[in-house]
Amino acid sequence: MSGGTPSTSLSCQSWGKPRFTKETVALMGPDGAPIFEIPISSIENQSATKKSGDVIMELDGDDEGCCEIRLNMREGYDMEGGVDGGKNTAESFVQILKAKQSIRSSIDLGPLVVEFKEISSLVPRGLFSLKIHSKHLHLVGKASKNAKTMLEWTIPLNTISESGMYLLDNPNSAESKWMCVSLTKPIRSGNVAHSCLVFQVEDDIVEINVNLSPLTDEQKNVKTKDGEPMITENMNGPLAETAPKCLKSISGAKLITPLPDVGPFAVSDKSGKQGFLFCLKKSLLFAPNPAIPIRHDKISVLTFTDVHSGGNTLGVQFKMQASTLAFQGLDREDLPAITAYAKSKGINVDGLNKEEEDALSDISSADNSSYDRKKKKARH
């Protein structure tokens, strides 16, 4: 079992027998006394890892309370309120817990405002129905069409970062975009915590009905740049436009798009996952998986590595206030554009000698990335 606050943490181990009642879940010790007992209503999300046999319960408490409880059920177990014969597993525990929560879910989620069915999600990976309620974002689906296990997350709308929604052109497909939703409280998929959701929203035309009755006047009156209502009772248009509009209006989060004249720059992260660095007004964003916002005001220095190696690609390191983010595989042709962008935002740049900096300063900062140049050549 583990728990903690932003400044403290606690980890301990206990053996016991899980027990469900109508309103609580407990771990009973050998003497029959509860080691812990928590209200089911305080469990915000739960997940099971089949390989390790762990159950992870995330609690919706205040900042001073326990935020996570983890139970290991690798060998199967006897449980009051579970199946007989010691065949209970981490997965069955989670299913029982979800069944116990079903009564409260329809109340706490708030009225359903709009639903988008079968949206492709890159983080967490799967195919989900995206249900936007008045108080929560509800994801329900599977890791793949043939998967048997249903996946489900309930995300309070107030945990969406105020400046944490991004709509990005998908460099791999001209017919879809990436909608990234940054969270102040990560969700968990198995042992992996995701602080940014990434959906691949297509340009296919959709027709949806929106339940406006639960919304406030402020939510209904959100306008587009053209002064048109962001959300209406009947919406018809590309999914890549309607889904971001609805989520922005209901959650109140800002919707951020990249600057039009620079990037994206193809790179890979330290684990080798390929992605792109998108250049925004006040930050950069690595996407799609994992999506990592990199705020300008948190960057101490941007350092280019392997500049003098003679190779076609370079390394990029962002030294942050508390850590360093490193990427590889930047096309050497992108060096002028990303350097000009960084300097225009007041970011300190290191790794270049004076001659190289002087040469780069002669190149227009409006020079597009190698990705855009290749795309333009392909069109011709």
What is the minimum heavy-atom distance between [X] and [Y], and which atoms define it?
X      : Y      : value
Lys177 : Ala240 : CD-CB, 4.0 Å
Leu285 : Cys180 : CD2-SG, 4.3 Å
Val349 : Ala342 : CG2-CB, 3.9 Å
Asn72  : Asp54  : ND2-OD1, 2.8 Å
Trp178 : Pro288 : CH2-CD, 3.7 Å
Ser161 : Thr184 : CA-CG2, 4.1 Å

With a 4.5 Å cut-off on side-chain heavy atoms, are [Y] and [X] touching?
X      : Y      : answer
Asn170 : Gln200 : yes
Leu97  : Phe20  : yes
Thr242 : Val114 : no
Pro229 : Thr232 : yes
Pro258 : Leu168 : yes
Met179 : Leu130 : yes
Phe116 : Ser129 : no
Pro124 : Ile187 : yes

[X] side chain vs [Y] backbone, donor-acceptor pair below 3.5 Å:
X      : Y      : result
Asp334 : Leu330 : no
Ser189 : Val192 : no
Thr224 : Glu228 : yes
Trp153 : Arg188 : yes
Asp31  : Ala33  : yes
Ser249 : Cys246 : no
Gln219 : Thr216 : yes
His133 : Gly110 : yes
Lys142 : Ala147 : yes
Gln317 : Thr303 : no

Group every Ile, Leu, Val, Met, Phe, Trp and Tyr by side-chain heavy-atom contacts under 4.5 Å, then state whether [X] and [Y] land in the same group.
X      : Y      : result
Leu255 : Ile155 : yes
Leu157 : Val210 : yes
Phe199 : Ile208 : yes
Ile205 : Leu239 : no
Val140 : Ile250 : no

Taking atom [atom1] of [X] as the centre, report whether more than 12 heavy atoms of other residues, nucleotides or ligands fall under 6.0 Å from it.
X      : atom1 : answer
Lys281 : NZ    : no
Lys282 : NZ    : no
Glu233 : CD    : no
Asn236 : CG    : yes

Distance check, rounded to the nearest 0.5 Å: [X] atom [atom1] versus [Y] atom [atom2]?
X      : Y      : atom1 : atom2 : answer
Ser176 : Glu202 : OG    : CD    : 4.5 Å
Ile256 : Ser283 : CD1   : OG    : 6.0 Å
Glu333 : Thr313 : CD    : OG1   : 12.0 Å
Lys319 : Ile347 : NZ    : CD1   : 15.0 Å
Lys117 : Lys131 : NZ    : NZ    : 8.5 Å
Ser251 : Ile160 : OG    : CD1   : 4.5 Å

Can you say whether the rings of His296 and Tyr341 are parallel (under 30°), tilted (30 to 60°) or perpendicular (over 60°)? perpendicular
Should the ring pair Phe286 and Phe327 be called parallel, tilted or perpendicular, given that the plane angle runs from 0 to 90° and is split at 30 and 60? tilted
Evaluate side chain to side chain contact (heavy atoms under 4.5 Å, CB included) for Leu137 paired with Ile132, printing each intermediate quantity in order. CA-CA 5 Å; Leu137 181 64; Ile132 308 177; 3.9 Å; yes
So, [X] versus [Y]: side-chain donor-acceptor pair below 3.5 Å or not?
X      : Y      : result
Asn146 : Ser144 : no
Ser271 : Asp269 : yes
Glu152 : His138 : yes

Go through Asn211 and Ser213 one step at a time and tell me if the side-chain hydrogen bond (donor to acceptor under 3.5 Å, both in side chains) criterion holds. CA-CA 6 Å; Asn211 176 19; Ser213 59; 2.6 Å; yes
Do Tyr166 and Phe278 make the cut of ring centroids closer than 6.0 angstrom? no
Is any side-chain N of the basic residue among Arg19 and Glu37 closer than 4.0 Å to the acidic one's carboxylate O? yes
Under the side chain to side chain contact (heavy atoms under 4.5 Å, CB included) criterion, do Ile69 and Val55 qualify, and how do the steps go? CA-CA 8 Å; Ile69 292 179; Val55 168; over 6 Å; no
Is there a side chain to side chain contact (heavy atoms under 4.5 Å, CB included) between Lys245 and Ile231 once you walk through the steps? CA-CA 7 Å; Lys245 284 181 178 179; Ile231 190 169; over 6 Å; no
Apply side chain to side chain contact (heavy atoms under 4.5 Å, CB included) to Ile43 and Ile38, showing your working. CA-CA 8 Å; Ile43 302 173; Ile38 55 176; 4.0 Å; yes
